[in-house]
Amino acid sequence: MRHTHRRRLAAAVAATGAGALALSTVALPAVALETKPDSTELEGSEFNLLSTLVEPLSSGVEALGQLTDTDSLDVVAQRAGMTVNRLTSLLQNNEATVSPGGFVALLDEWDPADAADAPELGAADVPGDPVAGSRPGASHTIFIDFDGHTISGTEWNARYDVASIEIDAYNVNDEFKQAVWERIAQDYAPFDVNVTITDPGADALWKTSNDDNQYGSHLLVIPDSSDLPAGMQGYGGLAWVGGFGSQHLSPALVMADNLANNPAYIADAGSHEVGHNLGLEHHGIAGDEYYYDTPADPSALWGPIMGAPYDVPLSQWSDGGYANATNPDQDDLAVMTDGGAADFFLFLYDQNGDRFTGGVCYYRDGRIATDGDPQQGDTFYEPVNNRCAEDESAHTGAQLDAQWEFVDRTSYASDPHGDDTGDATSLDNSTGEFTAEGAIVNSNDADVFALVTNGGPFTAEVAPAGNGSNLDLKISLLDADGNVIAEGEEETSSPLLGPEADGLEASLSEDLEAGAYYISVEGRGQGDPANNTPSNGSGYTAYGSLGFYELTGTAEPFEAAPVVITAPEDGAEVEAANLVVTGTAEPEAEVALSIDGDTVGSATVDAEGAWTTTLENDLPYGESTITAQQAVGTITVPETDEVTVVVPLGAPVIERPAEGDTATTAMPTFSGTGVAGATVTVTITCGDAAQTVETEVDEDGNWSVKPEEGLPNGDCSVEAVQEINGATSPAAGPVNFSVNVEEDGDDNGDEGGDENGDEGGTEEGDEDGDDLPDTGSSSLVGLTAGVVLLALGGLLYARTRRATV
């Protein structure tokens, strides 16, 4: 896996240069500081280093000529996740360009003639629909925009030196839109992503803070690429790497006219560009930038999405595990789901709305910031004569407008089906037929289904849902013990015409004895990727066989009454000991009861179908889920029933203080008893002020705690609740007591002396327990502050970035 280079903020950040739309540089080295009584001086020129890297409209060779400073070239290469040699080679060959802010774009050439006779995809049936989306309610969104858009205030405007780019709507019919949507939805089926053609609004696309988990990618379909600036024309698509969630690093672009207005090609390019937004680079082969099969070879079957898979019927995410891979360390799935990739950018604008460059003073809570990294909520100002006042109120420089941009990755979708027989999904074959839908969401996923039959003919087929699937399927039949007894898979091949591979489905046909069985569905690979060549990609592993599927089949129904728990009711409060559980099931069957997989009781069903048993073990406090499963003869029926019961938790006991006690210390100890392992929350109220402190009950059932802040003299009260295993008790108390601390004593010290210390208190209090011992302490802490000057010379970065196509 190639890791994006990370340049963390030290004691300097970067603003911008080269005009209102140009991005600037990365964080700079710490600037030497000189502290003055009332100000801090900007020293030297380090803060202005790399404020503008290259001029807008520079070609690759021209940009390389402008990156004469070794540090500048290194910074740009790191931001792009490349070596300096790799970046230099691309720029020398005009295969890449650099924006004024130091973002890198790889230039993807596309020959429209290659796609002139390409077949179109028809509409088909995958989960969801284009308007509502493939996964409504998902955390992340890919918005496929056919409606036109004005591009302004983005890195595209900075790179091509234009204030705005007007893109018209792409006027195609609904079937065309569905074909594009469906293929992209197939590529992103494994992820927590909703692919939609409906504008979800800014809140669903742009990440606005580190804690914002609703964000995504804006994928703009451009009908006429001649509407773009000249330098953007002639490509299949463009996108900034790592821009997922950032409005500034959007939109990702696909050029429909350059893709022969073919929905299959538009979708392939669209998934590719969003892949760049999610941090991916290209997959190539044998020195070529792209893995690119040729349709002239009838065996050309497979290609990576981050290559150029336009003319192969099966495209998948890849880990570079094929012969002569140019990017063998890039694990696509790991990069796109990298939970540690969240980062942010900071852009500063002056009062004219222009991007600001130069040294910057920033303040937090009215004082010059001293902890390095700027934070949301800080205020930013131009310096005055290269100086920053220590107090914000004393600074006279013009205030700057701060714009924060956040980027992140995605995550896998939740898997509705278990991966093993112990967590299998039960199939209903009461009519002699069964069906189920699912998705293979990662390389290790195998969805398992349970089935009971009276025996006889059995069939099962699993097939990808819809067109453009990435999923090549395998199906297995397992016996009641989980042993494989039959497998089915098809030889996948490339059709001479059409964009869909043949043989992605799989089937089984068996004659079974009566019993319980399991069906396992998983992705498969074929051939040996080590034998792949630039013109023949016929080998692939199960790594990228992911996506939606449908399972159908036939089996004689198993005729047995279901197991049902009739008492206690779901949600009932029960005693911990000797719980009686009753229910119904198939006459003469054996019923086993379990909690969290551990057997806690059993019963034999009588001739009328009733059963009863008493649980073998006491239940813990809080919630417990009791599961019942029956065995009919030698057949353990997969279907189960369950109820959740609650053992209520009593209040803890407050032993100290007793009602009416007087504490002679401001930090008395509160103590009592409770359930071992429970968390006790103690609330102490004095007048209108209250504070809460927590502690844990020890193995002997005892607890004690002190207040975090000293208590004032006067009347107080204390309450306590305990919590364990999700159960919360009623409150104990209130217990009323008073505080009376002598002013001239060491009223809070742990060494309180004879009168108020740990060994002190009043004599009556020590003997009778009416007073609480003096066990507390208090002190005043002196605070100091330092003055730190942070220099800014371009753009604030927490991670290097690049753009590509």
Side-chain angles (χ1 to χ4, degrees), residues 417-418 420-436 448-456 458 478-482 512-519 555-649 725-727:
H417 304 299
D420 53 45
T421 57
D423 195 24
T425 299
S426 294
L427 293 169
D428 180 5
N429 65 316
S430 58
T431 65
E433 298 180 348
F434 58 85
T435 184
V448 180
F449 300 87
L451 177 76
V452 181
T453 176
N454 270 346
F458 162 84
L478 290 68
D479 64 18
D481 296 323
L512 301 178
E513 297 180 356
Y517 297 89
Y518 297 95
I519 300 170
E556 287 297 316
F558 180 75
E559 298 176 354
V563 62
V564 177
I565 299 175
T566 57
E569 295 182 351
D570 192 47
E573 289 190 357
V574 298
E575 296 293 330
N578 301 318
L579 179 64
V580 176
V581 183
T582 63
T584 59
E586 178 71 13
E588 313 301 333
E590 295 293 326
V591 174
L593 300 181
S594 62
I595 297 176
D596 295 331
D598 296 326
T599 300
V600 295
S602 60
T604 299
V605 185
D606 65 22
E608 285 72 40
W611 56 270
T612 184
T613 188
T614 301
L615 296 192
E616 300 168 356
N617 303 318
D618 290 354
L619 296 176
Y621 290 103
E623 292 185 351
S624 296
T625 298
I626 305 169
T627 300
Q629 186 173 34
Q630 67 175 327
V632 181
T634 60
I635 301 173
T636 299
V637 182
E639 289 83 357
T640 61
D641 192 30
E642 63 182 32
V643 296
T644 298
V645 295
V646 180
V647 176
L649 183 63
N725 195 29

*Would you check if Leu619 and Val574 make a side-chain contact, meaning some heavy-atom pair closer than 4.5 Å?*
yes
*Which distance, rounded to the nearest 0.5 Å, do you find between the CG of Asn578 and the CG of Asn617?*
10.5 Å
*Nearest 0.5 Å please: distance from the CG atom of Leu451 over to the CG atom of Asn429.*
4.5 Å
*Of Leu512, Val452, Ile635, which is the lone residue that meets side chain to side chain contact (heavy atoms under 4.5 Å, CB included) with Tyr517?*
Leu512
*Check the pair Val448, Asp423 against side-chain contact (heavy atoms from CB on, under 4.5 Å), reporting the backbone distance first and the verdict last.*
CA-CA 8 Å; Val448 180; Asp423 195 24; over 6 Å; no
_Point-to-point distance, once rounded to the nearest 0.5 Å, from CZ of Phe434 to OG1 of Thr453_ = 9.5 Å
*asked:* Measuring only between side-chain heavy atoms, which start at C-beta, is Ile519 closer than 4.5 Å to Leu478?
replied: no
_Quick check against the 3.5 Å criterion: does Asp641 have a side-chain atom that pairs as donor or acceptor with the backbone of Ala628?_
no
*Does any N or O in the side chain of Thr566 come within less than 3.5 Å of the main-chain N or O of Thr582, such that one atom is a donor and the other an acceptor?*
yes
*asked:* Which residues pass the side chain to side chain donor-acceptor pair (under 3.5 Å) test with Thr425, not counting sequence neighbours?
replied: His417
*Crowded around Glu623 CD? As in, over 12 foreign heavy atoms under 6.0 Å?*
no
*asked:* To the closest 0.5 Å, what do you measure between OG1 (Thr435) and CZ (Phe449)?
replied: 9.5 Å
*Just wondering, do Trp611 and Val564 contact through their side chains at under 4.5 Å, heavy atoms?*
no
*If you take all heavy atoms of Gly622 and Ala727, which pair is closest and at what distance?*
CA-CB, 3.3 Å
*From Phe558 atom CZ to Asn454 atom CG, the distance as rounded to the nearest 0.5 Å*: 6.0 Å
_Closest non-hydrogen atom pair, Ala603 against Thr612_ = CB-O, 3.5 Å
*asked:* Are the side chains of Ile626 and Leu579 in contact, using a 4.5 Å heavy-atom criterion?
replied: yes
*For Gly432 and Pro557, work out which heavy atoms get closest and say how close.*
CA-CD, 4.0 Å
Side-chain donor-acceptor pairs of residues 590-600 under 3.5 Å, sequence neighbours excluded:
residue: Glu590; atom: OE1; partner: Thr604; partner atom: OG1; Å: 3.0
residue: Glu590; atom: OE2; partner: Thr604; partner atom: OG1; Å: 2.9

*Looking at Val645 and Pro568, what are the two nearest heavy atoms and their distance?*
CG1-CG, 3.5 Å
*Please round to the nearest 0.5 Å and tell me the distance separating atom OG1 of Thr636 and atom CD of Gln630.*
9.5 Å
*Compare every heavy atom of Val563 with every heavy atom of Gln629, then report the nearest pair and how far apart it is.*
CA-CG1, 4.4 Å
*Please check if the side chain of Asp570 supplies one atom and the backbone of Val643 the other of a donor-acceptor pair under 3.5 Å.*
no
*CZ/Phe458: more than 12 non-hydrogen atoms of other groups inside 6.0 Å*: yes
*Polar side-chain atom of Asp420 near backbone of Gly422 as donor-acceptor pair, under 3.5 Å*: yes
